[in-house]
Amino acid sequence: MAAQLDYLTIHEIFSRFHAAEPEPKGELNHVNAYTLLVAVALSAQATDKGVNKATEALFREVTTPAAMLDLGEERLIEHIRTIGLYRNKAKNVMALSRILVEQYGGEVPSSRAALQSLPGVGRKTANVVLNMWWRFPAQAVDTHIFRVANRTGIAPGRDVVAVERAIEDHVPAPFQLHAHHWLILHGRYVCRARAPACRLCLIRDLCEFEEKNL
DNA sequence: ATCCCGAGGG
DNA sequence: CCCTCTGGAT
């Protein structure tokens with residue numbers, strides 16, 4: 001775990017991310033709030049690419065919780081069998097869809113508490129929906145962000161909640177909304193878990209971790 | 001701390 | 001073969 005970087009360095013890091021990619025987007029395909037919620041719930045311990053492959057056909061048939069109930073758990077499983085943890089995910093998506101229909105008029109709620117009360121929706125998934133759909137500066141800390149935050153010193157922490165707090169505390173406000181996607185894309189393509197591409201890194205000169213990977 | 005779990009990469 | 005992938009519930 002690297003030492004906490006100072007404010008000016010962090011500001012410079014995000015200024016570079018912004019310059020390189022002013023409007024960073026996620027890579028999880030979806031057509032509305034409901035399909036976003038489902039896609040994020042399916043993405044646990046899975047790659048976006050794998051989730052997109054499965055939802056491509058699924059979201060052609062199903063884009064609402066009511067339609068998901070009509071589809072049924074068995075046929076949902078057929079769609080998502082190629083994704084890890086598919087039994088739990090299918091059960092959760094069905095249960096969550098039922099709750100949306102029965103308690104939320106088929107809409108996706110905009111409060112963290114309501115989102116997190118849904119089966120299969122924890123802090124991370126709720127934060128992604130709050131950030132991507134409701135444009136709230138929520139910091140969903142996934143495996144990539146946890147790694148990048150700790151390697152770089154942008155927001156070191158022993159667990160994901162600590163890193164979330166550190167991002168809230170140390171990332172300048174104007175960068176908070178897009179911080180999630182900048183960090184995750186950086187983690188996915190540059191600051192990779194296995195073979196980090198430090199030679200191609202935009203913030204190489206501001207990071208201590210690179211020294212170990214030249 | 002452990003289980004759930006398949007695909008893709010090296 | 002081993003590691004990793006936008007975690008959550010128990």
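Note on naming: letters A, B, ... go to the chains in the order of the sequence lines (proteins, then strands), and numbering restarts at 1 for each one.
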What pairs with Glu56(A) under side chain to side chain donor-acceptor pair (under 3.5 Å), at least two apart in sequence or on another chain? Arg60(A)
Quick check on contacts: within residues 136-151 of chain A, what sits under 4.0 Å from DNA chain C by heavy-atom distance? Asp142(A), Thr143(A), His144(A), Arg147(A)
Using a cut-off of 4.0 Å on non-hydrogen atoms, how would the nucleic acid contact of Leu42(A) be classed: base, sugar-phosphate, or nothing? nothing
Considering residues at least two apart in sequence or located in another chain, which fulfil the side chain to side chain donor-acceptor pair (under 3.5 Å) criterion with Gln116(A)? none
Output every pair passing salt bridge (Lys or Arg N to Asp or Glu O under 4.0 Å) with a member in residues 5-21 of chain A, not counting sequence neighbours, ordered by first then second residue. Glu12(A)-Arg16(A), Arg16(A)-Asp205(A)
Partner residues of His181(A) under the side chain to side chain donor-acceptor pair (under 3.5 Å) criterion, sequence neighbours left out: none
Between Ala46(A) and Gly120(A), whichever has its closest DNA chain C nucleotide further toward 5' is Ala46(A)
Taking N or O atoms only and anything under 3.5 Å, show me the protein contacts with nucleotides 7-10 of chain B, one pair per line.
| from | atom 1 | to | atom 2 | distance (Å) |
| --- | --- | --- | --- | --- |
| dG8(B) | OP1 | Lys53(A) | NZ | 2.8 |
| dG9(B) | N2 | Arg194(A) | NH2 | 2.5 |

Please work out if Gly187(A) contacts a base, only the sugar-phosphate, or nothing of the nucleic acid, heavy-atom cut-off 4.0 Å. nothing
Among residues 87-95 of chain A, which residues get a heavy atom nearer than 4.0 Å to DNA chain B? Arg87(A), Asn88(A)
NA contact type, Gly84(A), heavy-atom cut-off 4.0 Å: base, sugar-phosphate, or nothing? base
Residues from residues 167-186 of chain A sitting under 4.0 Å of DNA chain C, heavy atoms only? His180(A), His181(A), Ile184(A)
Apply side chain to side chain donor-acceptor pair (under 3.5 Å) to His30(A) and list each qualifying residue two or more places apart in sequence or on a separate chain. none
Kindly write out the residues that satisfy ring-ring contact (aromatic ring centres under 6.0 Å, His included) with His180(A), not counting sequence neighbours, or none if the list is empty. none
By nearest heavy atom, map Arg192(A) and Thr125(A) onto DNA chain C; which one lands nearer the 5' end? Arg192(A)
Sequence neighbours excluded, every pair satisfying side-chain hydrogen bond (donor to acceptor under 3.5 Å, both in side chains) that has a member inside residues 63-78 of chain A: Glu78(A)-Arg81(A)
Val51(A) near the nucleic acid: base, sugar-phosphate alone, or nothing, with a heavy-atom cut-off under 4.0 Å? nothing
His178(A): partners by ring-ring contact (aromatic ring centres under 6.0 Å, His included), with sequence neighbours left out: Trp182(A)
